[in-house]
Chemist: 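Below are the structure tokens for one structure; questions will follow.
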Amino acid sequence: MKNDSVLGFIKKNTMILVLILVVAFFSWQTGGKILYPMNVSSLISQNAYVFILATGMLLCILTGGNIDLSVGSVVCFVGAIGAILMVNVGLPAWVVVIIMFVIGTLIGAFQGFWIAYVRIPPFIVTLAGMLVFRGLSNVVLNGLTVSIKGKTSFVNLFGGGADCYIHDIFGNGKLNLTCLFGGLLAVTIYVVLQFTTRIKRKSKNYDVEPLWMFLVKTIGIVAVVMGFAYKLAQHKGVPTVLIWVLVVVLVYGYITNNTTVGRYFYAVGGNEKATKLSGIDTNKVYFIAYTNMGFLAALAGMVTIARLTSAQPTYGQNYEMDAIGSCFIGGASAYGGTGTVPGVIVGAVLMGVINLGMSLMGVDANMQKVVKGAVLLAAVIFDVVSKRGGKFVVKN
Amino acid sequence: MAKILLEMKNITKTFPGVKALDNVNLQVEEGEIHALVGENGAGKSTLMNVLSGIYSYGTYEGDIIYNSEVCKFNDIKDSENKGIVIIHQELALIPYMTIAENMFLGNERGAKFKINWTETGSLARHYLDTVGLKDSTQTLIKDIGVGKQQLVEIAKALSKNAKLLILDEPTSSLNESDSKALLDLLLRLKKEQNLTSIIITHKLNEVSYVADKITVIRDGSTIETLVKGVDDFSEPRIIKGMVGRELSNRFPGREPHIGEVMMEVKDWNVYHPLYSDRKVVKNVSMNVRRGEVVGISGLMGAGRTELAMSIFGKSYGENITGTLKINGKAVNLNTVQDAIKHKLAYVTEDRKGNGLILTNPIKINTTLANLDAVSKNTVIDKDKEYAVAVDYKNKLKTKCPTVEQNVGNLSGGNQQKVLLAKWMFADPDILILDEPTRGIDVGAKYEIYCIINQLVAEGKSVIMISSELPEVLGMCDRVYVMNEGRMVGELDGKEATQEKIMTYILQSSGNKEV
């Protein structure tokens with residue numbers, strides 16, 4: 001019995017274990033360089049767009065393995081418009097942010113309409129979107145680079161430039177105390193919440209996971225968060241972009257886990273006909289998934305131009321692949337219906353660590369793509385085969 | 001006497017929880033047309049699937065002796081190599097390929113990497129001539145009618161050198177003249193080529209027309225074999241064999257408390273969603289009262305599910321016309337949401353395909369149709385959801401370790417209970433139960449009947465669609481009989497008998513609407 005639950009625990013958290021192994025491997029290969037504060041910090045800033053896009057992509061994939069190929073182009077297009085409005089038109093940053101969100105959402109709604117109500121396959125609609133918005137980015141930018149270096153308030157807010165960290169309000173020690181306190185606060189809230197729900201559930205005689213599993217999970221998460229906060233404190237503190245990522249992850253984690261709308265995404269992906277016959281508007285579910293993807297692509301666009309302090313017609317290439325890959329590595333099913341926001345984040349971190357580790361090791365960029373591709377394939381094979389009960393080849 | 005071409009000996013086939021075939025024996029002589037008759041679910045199709053290798057050797061018990069050798073088929077290809085070809089009720093033709101391409105699909109003429117189209121064409125022509133189809137071999141399947149498609153299937157079978165042809169309900173979607181032509185073709189092939197066929201059908205007039213022998217299957221066992229010229233081939237005689245089983249105490253009793261009319265349907269017409277000229281439900285009128293269990297009896301494909309789903313928020317069909325009154329008020333239910341709001345529930349016959357999310361736990365399935373009841377401002381109260389699921393699990397005696405269990409891991413009977421729980425939680429006044437006991441064992445059936453009794457005792461109305469006649473007779477206060485899209489009879493529960501219902505169905509079969 002005990003063995004069973006250990007096995008179940010391992011099966012449930014395979015990707016986390018893989019992540020630990022991968023981190024250990026790169027620490028060994030790079031002589032610990034990958035855990036330097038600077039590298040931990042840049043892991044976040046470099047991959048912020050992946051976290052944001054992968055969260056949105058998860059909703060699309062949940063509805064039945066549907067993907068959005070256009071996000072990279074939309075990121076570029078929205079970023080281009082933002083840069084032009086700030087630099088050439090001279091609008092204030094907050095107005096530009098609103099306009100960018102509106103445009104991104106409208107693009108998502110436009111694609112969502114065809115997918116949800118006209119039932120054009122998402123692959124086709126978003127492939128078209130990928131071409132259209134890449135082309136339009138070029139048109140908007142006239143094929144040139146627009147620098148937004150001067151727009152420091154925008155750039156810093158979205159995690160670019162030199163001063164993109166939360167200021168330390170506790171004076172000038174070597175460690176950034178604000179960052180540490182932030183981590184401590186988060187951890188405390190988390191632990192209190194975990195224990196109160198467990199006690200509440202136990203008092204009502206509901207099923208709870210075994211105590212050891214609960215403790216391993218809680219202590220593990222506390223250790224990771226505190227370790228992270230400590231590393232960041234050693235560098236320059238919390239990158240502003242981390243706040244955006246956290247907001248996205250927490251909000252969407254909550255939506256998918258605790259709300260009726262979130263439930264509908266899983267239901268549609270699990271069995272669309274049954275969902276429809278349960279009185280749920282499945283068209284609307286598809287529409288929301290793709291509209292939301294546009295909204296988050298806009299946010300990713302802001303993060304991207306801020307980090308690179310400019311807009312170029314080539315930005316955002318292959319972003320869709322990073323997002324899709326993170327979802328599948330993070331345990332989302334290619335047939336829809338399963339997958340969680342935390343899982344996707346683990347997938348994205350795993351991809352990020354592999355990228356960073358190989359760069360530090362000096363692996364050739366082309367070989368990095370080979371490795372990433374192999375990891376993606378292996379993850380999905382694992383998912384499909386294990387769902388089939390371990391049968392490797394399907395009988396004809 | 002001609003030689004025995006096929007003998008199936010003591011065939012037993014079990015599915016998880018159900019014994020579909022129990023010691024079935026079947027003997028077919030060379031050059032005869034052998035009819036297999038029985039109610040829905042009696043095991044006819046299962047038997048033919050065993051014969052054609054769809055259920056491979058080893059998944060059943062017993063022997064298949066064909067041409068005096070014991071056969072061990074692993075798949076359909078093995079049986080076809082021996083000359084056993086099955087034509088399924090749903091035709092397996094690809095609409096956007098030509099007749100010739102379809103006939104030789106998987107059996108292409110020519111070299112391995114180069115199809116010989118000339119040979120394909122001329123062979124196709126030859127077999128089409130044999131079955132008397134004059135259309136060009138280059139016609140696309142989608143452009144010819146169902147009757148002609150059926151002939152293409154037979155031509156395809158002949159092209160595989162079929163010695164034994166199995167036809168599963170070949171005339172179910174044909175009109176009378178097409179049916180007659182098909183049956184005449186079988187008789188002609190028998191005479192000219194000494195072709196043996198097994199035909200599964202519900203239309204007893206056809207049976208007496210073509211068959212040399214009739215084997216009756218009931219509840220997974222062979223009951224009897226009637227021989228032409230020796231035994232009585234009349235319809236009442238065959239029906240007696242099909243339904244003749246004693247009604248023991250398999251149904252819980254109840255005190256009927258029948259009140260006013262809850263729902264009324266008048267002149268209801270529904271067209272097929274794809275073939276817009278095909279009428280699936282024709283001028284149906286019916287009603288159900290408070291506290292009443294109304295049965296809709298009929299054969300598969302009679303249009304019962306289509307009727308139910310078209311009432312339930314127009315979830316099936318096109319161009320739906322007619323009036324629907326709930327509590328005396330005419331309503332227009334355009335979506336499933338509307339239907340649920342008007343306290344209607346439809347519990348599907350296809351619990352895996354249309355009813356449940358198999359990869360999700362019991363608790364999530366239980367609340368899906370009424371999530372608002374366990375949530376506040378769209379936030380789900382998971383504790384409440386859990387409590388609801390446990391409550392229904394206890395009420396319906398669902399056997400499962402916890403409600404966190406995925407529905408896909410439950411047995412059929414327990415899945416059905418989860419599906420019922422889901423709709424009971426939606427708090428309907430009128431429940432349409434479509435084949436509520438299909439594929440579940442006797443014990444679970446009894447429990448489902450108890451649940452139905454409890455529902456009507458609470459003043460709800462139940463419409464029960466069922467192909468099992470004993471169940472309809474045992475449970476219903478009133479029985480409608482439906483056939484080929486029309487209501488062909490209405491019987492009081494007390495005066496209804498299996499013979500009366502079958503007679504209604506069979507007498508109305510084939511009488512095409514003017």
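These numbers were taken from a predicted model, which means no experiment stands behind them. Labels below follow one simple rule: chain letters A, B, ... track the order of the sequence lines, proteins then strands, and each chain is numbered from 1. Heavy atoms only: backbone and side chains are in, while hydrogens, waters and symmetry mates are out.
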Chemist: What part of B/L358 lies closer than 4.5 angstrom to a heavy atom of chain A: side chain, backbone, both or neither?
Modeler: neither
Chemist: Counting only heavy atoms not in A/F113 (residues, nucleotides, ligands), do more than 12 fall under 6.0 Å from its CZ?
Modeler: yes
Chemist: Checking heavy atoms, do the side chain of B/A387, its backbone, both or neither come under 4.5 Å from chain A?
Modeler: both
Chemist: Counting only non-hydrogen atoms closer than 4.5 Å, does B/T378 touch chain A with its backbone (N, CA, C, O), its side chain (CB onward), both, or neither?
Modeler: both
Chemist: Count the heavy atoms belonging to other residues, nucleotides or ligands that lie under 6.0 Å from OH of A/Y252, then report whether that count exceeds 12.
Modeler: yes
Chemist: As a test of understanding, state which of B/L371, B/V374, B/N377, B/V379 forms a side chain to side chain contact (heavy atoms under 4.5 Å, CB included) with A/T260.
Modeler: B/L371
Chemist: For residues A/N258 and B/K382, report the shortest heavy-atom separation together with the two atoms involved.
Modeler: OD1-CE, 3.7 Å
Chemist: Can you check whether B/Q337 reaches A/D281 side chain to side chain, under 4.5 Å on heavy atoms?
Modeler: yes
Chemist: For A/W114, is the CH2 atom crowded, meaning more than 12 foreign heavy atoms sit under 6.0 Å from it?
Modeler: no
Chemist: Assess whether atom NZ of B/K314 is packed by more than 12 heavy atoms of other residues, nucleotides or ligands within 6.0 Å.
Modeler: yes
Chemist: How far apart are the closest heavy atoms of A/N271 and B/I357, and which atoms are they?
Modeler: CB-CG1, 4.0 Å
Chemist: For residues 389-406 of chain B, give me every residue with a non-hydrogen atom less than 4.5 Å from any non-hydrogen atom of chain A.
Modeler: B/T402, B/E404
Chemist: Which atom pair, heavy atoms only, marks the closest approach of A/A267 to B/L368?
Modeler: CB-CD1, 3.9 Å
Chemist: Out of B/L356, B/T335, B/D338, which one racks up the most heavy-atom pairs below 4.5 Å with chain A?
Modeler: B/L356
Chemist: Using a 6.0 Å cut-off, check whether atom OH of A/Y117 has over 12 heavy atoms from anything other than its own residue.
Modeler: yes
Chemist: Would you indicate whether the side-chain heavy atoms of A/K273 and B/T348 approach each other to under 4.5 Å?
Modeler: no
Chemist: Step through the shown structure and confirm whether more than 12 heavy atoms of other residues, nucleotides or ligands are within 6.0 Å of NZ on B/K343.
Modeler: yes
Chemist: Counting only heavy atoms closer than 4.5 Å, note whether B/K422 contacts chain A via side chain, backbone, both or neither.
Modeler: side chain
Chemist: Answer yes or no: is there an ion pair linking A/K200 with B/D383, defined by an N-O contact shorter than 4.0 Å?
Modeler: yes
